[in-house]
Amino acid sequence: MTTDRWHADVIRRIKALATSTSASAVVGQATGHDMWGLRCGSQDAARRVLITGGVHGDEPAGVEAVLQFLEHSVADYVRHFHFVVIPCVNPSGYEANTRENGSGQDINRSMSNNGVIESMSLRQVIADQPFDLFFDLHEDYEATGFYMYEAERERRLLGEQIVDAVRQIGSIDSDDNTDPGLDMPVSEGLFEINPAWRTSGWSVYAYFESATHGVLTETPSTAWPLQTRVDAHLLALRLVLDHYTGTRTVPLT
Ligand SMILES: [Zn+2]
């Protein structure tokens, strides 16, 4: 299945965000494409945040949510954080609407595989660069609602609060059996990031290698319209950032 999605449009939107305090750049290589990112916020900020979207090419709400966050909301946070943001990790999959990259490889199962160019680029991005927060945006075509994964070094999880807030937007997926034996349910719609995925899953790898706090959000790509899914990702992201700034920019129920 092909789409009318083009990585060139993603790059154009990233480049349009560059200002005196933010810089867009090629951060690595991807199958048949450059991997683009944006750095923004204060270099002296107390906290460093890494945000990635589009690891799976058939999960467009993640890409769109990251771009909309940069276009409309990041200004609320640049005083508090230094951001490294990669809206579309898998451009070839994004254009072809495939989970895998253009070489048929699942980036999210390949972090220890030197033959996967996107995984190598991501490893380079986090090498020797600790992050306080890592946020990765995904979708699930089988899900009926929102759910998320989270891990934090002191196990101070925000997920129950986030899941409760997302109920304003849509239902929560209560299926706790998407990956039998690997998902670790905490409460409805919240799973702990499982170390068993450490050498394969990008967000698990990034959390264990370089981040104090990791969050992975999942929206139902076939059950909800695109903007509803984007809104759920954005709400979750902003609630996590608000937790660190101590300033509530979005209402809670
Ligand atoms: Zn995914």
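The first residue in the sequence is number 1, and the count goes up from there. Start at 1 and go down the list; that is how both ligands and their atoms are numbered.
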Take atom CD of Q29 as the centre, draw a 6.0 Å sphere, and report whether it contains more than 12 heavy atoms from other residues, nucleotides or ligands.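 Yes.
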Using the side chain to side chain donor-acceptor pair (under 3.5 Å) definition, which of the options R13, R229, H233 pairs with E64?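 Testing E64 for a side chain to side chain donor-acceptor pair (under 3.5 Å) against R13, R229, H233 leaves exactly one candidate, R13.
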Polar side chain donor-acceptor pair, H213 to Y244, under 3.5 angstrom: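 Looking only at side-chain atoms, Y244 and H213 do form a donor-acceptor pair, the distance falling under 3.5 Å.
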Do H138 and E59 have side-chain atoms, one donor and one acceptor, less than 3.5 Å apart?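 Indeed, the side chains of H138 and E59 share at least one donor-acceptor pair under 3.5 Å.
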Could you check W197 against Y207 for ring-ring contact (aromatic ring centres under 6.0 Å, His included), going step by step and ending with a plain yes or no? CA-CA 11 Å; W197 288 102; Y207 168 69; over 10 Å; no
Proximal protein heteroatoms (N, O or S) of the Zn ion (ligand 1), under 2.8 Å: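 Within the sphere that stays under 2.8 Å of the Zn ion (ligand 1), the protein atoms of type N, O or S are H56 ND1, E59 OE1, E59 OE2, H138 ND1.
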Using the six-membered ring wherever Trp is involved, compare the ring planes of Y147 and F191 and label them parallel, tilted or perpendicular (cut-offs 30° and 60°).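 Perpendicular: the ring planes of Y147 and F191 meet at over 60°.
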